[in-house]
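Report on one structure; see the data block that follows.
Quick note on labels: first sequence line is chain A, next is B, and so on, each numbered from 1.
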Amino acid sequence: MTARPELPKTYDPAEVEPRLYATWLAARVFHEDPDPARPPFIISMPPPNITGNAHLGHGSTYTTMDVLTRYHRMLGENADWIPGQDHAAIATEAVLVRELAKEGRTRDELGRAKFIELAWQWREQYGGAINESFKRLGFGPDWERERFTMDPGLSAAVIKVFVDLYDDGLIYRGTRLVNWDPVAQSTLSDAEVEDEERDTFLWHIRYLAEDGGEGLVIATTRPETYLADVAVAVHPDDARYAHLIGKNVVLPIVGRAIPVIADDAVDPEFGTGAVKVTPAHDQTDYEIGQRHELPMPTVIDFDGRVTAPLWRYDERPERRAPIDAQAAKMAAYAGLDRFHARKRIVDDLRALGALVDEKPYRTKLPLSSRSHAVIEPLLSLQWWVKTKPLAEPALTAYRDGRVRFVPERFGRTYAAMLENIRDWNISRQVWWGHQLPVWYTPNDDVVVADSEDEAKRIARERYGTDDLRRDSDTLDTWFSSGLWPFSILGWPEKTPELLHWYPNQVMITGREIIFLWVARMMMLGLRFAGGIPFETVFIAPLVFDVHGRKMSKSLGNAIDPMTDLVPKYGADGTRFGILRQMRLESQELRFDERYCDEAKRFATKLWNALRYTCSLPEDLPGANVLPPREKLTVADKWIITELRACVEAVTRAYDGFQFGVAADTLLQFGWYTFCDWYVEATKAPGQQETRAAVLSFVLNAFVRAMHPIAPFVTEEIWQTLPHDGATIVTASWPDVAEIPSFPDDAAVFGAVIEKVDQLRNARSEWGIAPKDWMRVEIPASLEPERDVVEAIATLARAQIAPYDGGDGSVRDRILAVRGVADNAKLRERYARDIARLESEVARSQKKLANESFVAKASADVVAAERAKLDDYSRELERARGALAALAS
RNA sequence: GGGCGCGUAGCUCAGUGGGAGAGCAUCCGCUUCACACGCGGGGGGUCGUUGGUUCAAUCCCAACCGUGCCCACCA
């Protein structure tokens with residue numbers, strides 16, 4: 001006799017979820033050690049920034065990781081999901097600088113050592129906040145393996161990779177045009193720059209010819225940089241300017257003469273077809289400058305202010321060489337912020353008559369993805385990774401099919417990005433991060449080593465000095481993230497974890513960081529860890545609001561799962577509701593909260609199915625035991641067959657990253673198939689012998705199939721039912737081999753459903769109150785099928801009386817069941833049925849009469865059509881007969 | 001300029017080369033002994049437009065229109 005707990009009427013996630021999570025942690029269910037006896041399944045959690053909060057993107061992306069890990073664990077694999085966090089150099093430093101500013105302090109007066117200390121304190125205090133959210137959402141990564149990108153082990157891996165790449169000639173130091181963030185006071189890689197459309201002007205400015213001629217008019221969005229112009233470029237074939245090529249024009253106000261040159265990069269159609277060339281402050285101009293060997297004077301400093309005089313870049317500020325050309329005439333702009341300078345210069349040019357036109361113009365501004373400041377392209381001496389030799393193997397791995405993307409098309413995005421890769425600027429001028437393992441002698445000889453002692457040894461040997469200063473720069477955050485799939489497994493040590501769990505099976509992330517992160521893990525994994533870092537990259541859709549807008553605080557449409565969803569719908573409702581909206585081919589997920597509400601009600605519905613099961617007087621047998629087959633009713637066989645189909649569909653869906661399909665399938669089966677039909681059918685008298693066992697069997701398998709998506713309610717139900725094992729987390733995935741299938745009986749029950757639908761519809765139309773029994777006549781020949789008759793009686797709430805007649809298959813006899821009403825209403829009903837059936841028969845006949853259909857369509861399609869016609873015809877006969885009988 | 005996604009019921013979205021679907025919303029009826037976070041029933045769509053392939057197109061192909069995203073040095 002199974003214990004029969006008193007179950008509360010309503011399922012309460014707020015009580016259940018934290019309680020169950022605590023038991024899971026106590027039982028260490030999420031922890032795994034490498035076990036070569038089982039297939040590995042490992043996912044590296046994309047490390048959230050220590051400054052981050054859980055947002056809806058985590059709700060979708062991270063939930064899919066939790067689902068897959070839980071699913072593969074249930075399949076018996078050696079499944080682990082390794083969590084961690086990213087030090088997020090620039091983002092964290094920005095937060096700290098803001099905090100300091102509130103106290104009226106600055107980073108520089110605090111000093112590097114104290115600042116780093118403060119950052120560590122901050123990380124200890126706030127860095128783990130997101131983990132608490134993850135736990136509340138039910139995520140089950142292996143917390144005992146949590147890593148941080150600045151852990152000693154991971155930092156050592158970073159240093160080793162840097163030193164090795166340097167020794168292999170793949171890291172170099174060079175002066176290039178960089179993306180400078182004047183707010184963060186650091187460079188950014190191209191990938192960290194975002195474009196944003198802004199309204200501005202296209203200013204047309206006349207540069208007079210040196211000989212006093214009218215010269216030409218250039219068009220620019222950045223008039224303030226004209227001070228550092230070194231040339232004007234026109235297209236070589238542009239007849240309008242051919243006479244000026246090789247001659248000089250004169251910059252207004254400052255009066256400096258610069259040459260007119262010809263370059264293919266100029267589009268003669270755009271603007272005036274004449275481009276000012278400022279190599280130190282524009283990427284295209286920089287390239288033109290290189291081609292024509294132009295000087296590259298700088299006029300905007302690292303703080304975004306105009307300088308006068310111009311200066312020639314050098315990494316040591318004290319060695320900057322001033323260029324005195326017309327410095328006095330620029331003095332009025334010296335020290336002005338670049339945007340103020342723009343306004344002043346435009347005004348002055350206008351006053352001078354040099355401003356020819358001022359056209360409203362919409363352009364894309366480069367913004368820092370970290371500080372949102374407008375990026376200033378600047379010349380700077382930085383450290384770079386030579387990417388082409390790394391990109392080649394990463395492309396080959398993709399083209400060979402060693403790495404696949406889901407959906408496939410993102411592979412093409414990945415490949416296109418790697419094909420056009422440019423060198424990677426990895427040095428950052430922030431303090432929080434991995435400091436470059438680079439030292440300089442007083443003569444600026446460079447020493448790269450994995451420790452200061454080693455650096456000194458090398459310096460003594462090569463340069464006869466150990467008077468070294470360390471480069472103050474730190475590494476791009478993505479440099480350490482790029483090592484993540486193997487650094488967290490203990491690389492470069494050959495740990496059991498690395499040997500068994502590398503490569504990872506799946507990497508799940510968003511399409512916005514395919515290049516930023518995925519490509520770098522590929523490049524660095526292939527070079528350092530001996531192979532691809534993961535076999536499959538699943539790109540989860542981005543989350544938007546219900547109208548397709550990006551969620552943002554300023555728009556007021558941002559949804560915080562922790563405050564807006566979990567309290568209302570529970571973690572299960574939140575997870576299930578989000579996943580239900582995920583579709584493989586869609587790039588966006590328009591989040592609609594109603595799905596979470598539905599999911600929460602679904603949990604309650606299942607809970608009540610459990611209450612019903614537990615309230616039955618019959619005994620519940622042990623876990624996963626079905627009654628002998630000969631005792632099973634048609635309804636039993638139907639639900640077991642449906643369960644099997646459900647498990648198969650859900651398995652396929654998880655295997656194919658079709659999380660929305662999995663959730664749909666579970667909802668459909670759990671609510672409609674199981675609760676609305678089977679549970680109701682068990683109330684028939686003939687069901688009592690088998691129903692408790694079948695309900696328990698089906699629920700048990702069903703909650704296991706649903707557990708990866710909704711871990712809590714499924715655990716609570718599973719624990720209440722007879723079960724094997726301590727927790728559903730480590731229970732086994734439902735084995736379809738142990739779920740029998742009865743297609744013929746299932747089809748019979750399908751006919752019962754069809755008939756009951758008809759009878760319910762008739763009841764409604766005939767105005768029979770739900771509480772009243774409906775009178776139904778069944779053919780006498782159906783009477784021996786007791787469970788069918790009882791099912792119809794119970795589901796349609798029908799009072800059964802026999803009539804003489806009925807033949808053919810069980811299905812035919814079920815369809816011959818008829819409701820009883822007054823003649824007028826019955827006639828109406830039959831007339832409508834006849835009309836519907838006649839049109840179906842006509843459609844089918846027309847199709848079969850079409851010779852080319854019969855000749856060219858496949859045989860089974862034609863056969864199926866014939867069977868349909870046959871069915872419809874017989875139903876039509878029956879309806880006509882019934883109508884005739886009434887009339888007589 | 002290249003690449004990609006999406007246009008199906010009022011809303012958000014499934015789906016299929018052969019009789020148009022779900023949830024929500026709406027309307028009607030029910031405190032039916034698991035559940036009113038529920039149950040039963042109904043109304044509502046020429047599947048973006050125009051062509052093509054096919055015996056057959058909402059589905060495959062082309063063009064177009066609308067919409068969103070990604071990449072690229074248009075000043």
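- Judged by the 6.0 Å distance and 45° axis criteria, A:R520 is positioned over the aromatic ring of A:W424.
- Among the atoms of the strands shown, none is found under 4.0 Å from any heavy atom of A:W766.
- More than 12 heavy atoms of other residues, nucleotides or ligands lie within 6.0 Å of CZ in A:R291, so this atom counts as buried by the packing criterion.
- Counted by atom type alone, A:E865 and A:S844 present one or more donor-acceptor pairs between their side chains at under 3.5 Å.
- A pairwise comparison of heavy atoms in A:Y11 and A:F712 identifies OH-C, 3.8 Å as the closest pair.
- Between the CG atom of A:N761 and the P atom of B:rC39 there is a distance of 19 Å, given to the nearest Å.
- One interatomic measurement links the two molecules: CG of A:L667 to C1' of B:rA22, which rounds to 9 Å at whole-angstrom precision.
- The C1' atoms of B:rU32 and B:rG41 are separated by 15 Å, rounded to the nearest whole Å.
- Taking atom CG on A:D757 and atom P on B:rG21, their separation rounds to 13 Å, with Å as the unit.
- Rounded to the nearest Å, the gap between the P atom of B:rU8 and that of B:rG15 is 14 Å.
- B:rU67 and B:rC74 have their P atoms separated by 23 Å, with the value rounded to a whole Å.
- In this entry the distance linking CZ of A:F515 with P of B:rC4 reads 20 Å, nearest Å.
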For A:K683 and A:Y612: C-alpha separation, side-chain torsions, deciding distance, then whether side chain to side chain contact (heavy atoms under 4.5 Å, CB included) applies. CA-CA 11 Å; A:K683 294 172 184 173; A:Y612 171 76; 3.5 Å; yes
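- A:R176 places no side-chain N or O within donor-acceptor distance of the main-chain N or O of A:D423, the cut-off being under 3.5 Å.
- Proximity of a side-chain donor or acceptor of A:R652 to a complementary backbone N or O of A:Q658 within less than 3.5 Å is not detected.
- B:rG41 atom P lies 12 Å from atom CE of A:M774, rounded to whole Å.
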Tell me, for nucleotides 68-75 of chain B in 5' to 3' order, what letter each nucleotide earns: B for a base near a protein heavy atom under 4.0 Å, S for only sugar-phosphate near one, - for neither? BS-SBBBB
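- A straight line from CD of A:Q845 to P of B:rA56 spans 21 Å, rounded to a whole angstrom.
- Comparing the C1' positions of B:rG44 and B:rC28 gives an interatomic distance of 15 Å, to the nearest angstrom.
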Are A:F702 and A:L666 close enough, and set up right, to give a side chain to side chain contact (heavy atoms under 4.5 Å, CB included), and what steps lead you there? CA-CA 8 Å; A:F702 176 75; A:L666 290 164; 3.6 Å; yes
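- Although no hydrogens or angles enter the test, the distance criterion places no donor-acceptor pair under 3.5 Å between the side chain of A:E840 and the main chain of A:R836.
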Interface polar pairs with nucleotides 14-18 of chain B, N/O, under 3.5 angstrom:
from	atom 1	to	atom 2	distance (Å)
B:rG18	O2'	A:K847	NZ	3.1

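- Although no hydrogens or angles enter the test, the distance criterion places no donor-acceptor pair under 3.5 Å between the side chain of A:R511 and the main chain of A:I539.
- One C1' atom belongs to B:rC24, the other to B:rU16, and the distance between them is 24 Å to the nearest Å.
- Judged as a side chain to side chain contact (heavy atoms under 4.5 Å, CB included), and not counting sequence neighbours, the contacts of A:D870 are A:R874.
- In this structure A:R829 satisfies the side chain to side chain contact (heavy atoms under 4.5 Å, CB included) test together with A:Q758, A:N761, A:A762, A:E765, A:W766, A:R832, A:D833, sequence neighbours excluded.
- Within the nucleic acid shown, A:D545 has no heavy atom closer than 4.0 Å to any nucleic acid atom.
- Among the protein residues, A:F591 comes within range of no part of the nucleic acid, since none of its heavy atoms lies under 4.0 Å from any strand.
- Across the protein-nucleic acid pair, A:E593 atom CD and B:rG23 atom C1' stand 15 Å apart, rounded to whole Å.
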Letter by letter from the 5' end, nucleotides 25-35 of chain B scores (B base, S sugar-phosphate only, - none; protein heavy atoms under 4.0 Å) -----S-B-BB
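- Taking atom P on both nucleotides, B:rG40 is separated from B:rC47 by 31 Å, rounded to a whole Å.
- Looking at heavy-atom distances under 4.0 Å, A:Y672 makes contact with sugar-phosphate atoms alone, never a base.
- Rounded to a whole angstrom, the distance from the C1' atom of B:rC60 to that of B:rU26 is 37 Å.
- Using a 4.5 Å heavy-atom cutoff, the side chains of A:P366 and A:Q283 are not in contact.
- In this structure, the OH atom of A:Y595 is 11 Å from the P atom of B:rG23, given to the nearest Å.
- B:rA57 and B:rU50: their C1' atoms are spaced 14 Å apart (whole Å).
- Under the 6.0 Å distance and 45° angle rule, A:K847 counts as a cation-pi partner of A:F853.
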Watson-Crick and G-U pairing of RNA chain B, under 3.5 Å, as dot-bracket with | and [ ]: (((((((..((((....[..)))).(((((.......))))).....(((((..]....))))))))))))....
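- Here the side chain of A:T272 pairs a donor or acceptor atom with the backbone of A:V217 at under 3.5 angstrom.
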